[in-house]
Amino acid sequence: FQTVRRLLSRLSRAPAGQMPEENAVRRVVWALDVASHILPGSTSCLPRALAGHLLLARRGVAATLQIGVARGAAGQLEAHAWIEHAGQVVIGALDDLARYQALPALEPEGSTLIR
């Protein structure tokens with residue numbers, strides 16, 4: 001996990017010449033939607049949230065990767081990952097998202113945990 005965090009931290013450094021944040025968010029969501037129709041397994045919430053977080057960070061967009069857990073109807077543990085930006089869920093929105101208890105958000109290595 002630490003290796004993946006270090007790699008994502010390095011890859012998330014923003015290139016020069018940024019577009020406005022809202023345009024960047026729309027383009028990243030669009031790219032993930034397109035990729036999910038082409039790449040097997042890319043509709044799963046965790047790979048989609050990780051990729052979205054990386055792409056947003058590379059565009060200089062402040063976003064939070066959230067992972068939450070909940071109990072299913074039969075008592076089994078369920079998990080979901082999503083991305084929040086400016087107080088809104090931009091990737092991984094669900095109708096019943098409120099039932100998931102969010103774990104502490106992860107920030108790139110060198111930053112402190114938030115919340």
For the pair His80 (side chain) and Gly92 (backbone), establish whether a donor and an acceptor sit closer than 3.5 Å, ignoring hydrogens and angles. yes

Write down the atom of Ala102, the atom of Gln66, and the distance for their closest heavy-atom approach. CB-OE1, 3.8 Å

Nearest heavy-atom approach of Ala49 to Leu65 is CB-CD1, 3.6 Å

Please test Tyr100 against Glu78 for side chain to side chain contact (heavy atoms under 4.5 Å, CB included), starting from the C-alpha separation and ending with a verdict. CA-CA 8 Å; Tyr100 289 91; Glu78 296 178 356; 3.9 Å; yes

With hydrophobic residues grouped by side-chain heavy-atom distances under 4.5 Å, do [X] and [Y] end up in a single group?
| X | Y | result |
| --- | --- | --- |
| Leu55 | Leu46 | yes |
| Ile91 | Leu103 | yes |
| Ile67 | Leu32 | yes |
| Val28 | Val90 | yes |

Given Val29 and Arg26, is the side chain to side chain contact (heavy atoms under 4.5 Å, CB included) satisfied, shown in steps? CA-CA 5 Å; Val29 171; Arg26 277 195 296 279; 6.0 Å; no

Rounding to 0.5 Å, atoms CG (Asp33) and CZ (Arg48) come to a distance of 4.5 Å

Would you say CD of Gln76 has more than 12 non-hydrogen atoms from neighbouring residues, nucleotides or ligands within 6.0 angstrom? yes

Between His85 and Glu22: side-chain donor-acceptor atoms closer than 3.5 Å: yes

Taken in chain and number order and not counting sequence neighbours, the residues that satisfy side chain to side chain contact (heavy atoms under 4.5 Å, CB included) with Arg71 are Leu77

Side-chain touch Asp96/Arg99, heavy atoms, less than 4.5 angstrom: yes

Going by heavy atoms in the side chains, are Leu56 and Val25 under 4.5 Å from each other? yes

Please, which pairs that meet salt bridge (Lys or Arg N to Asp or Glu O under 4.0 Å) have at least one residue in residues 60-69, sequence neighbours excluded? none

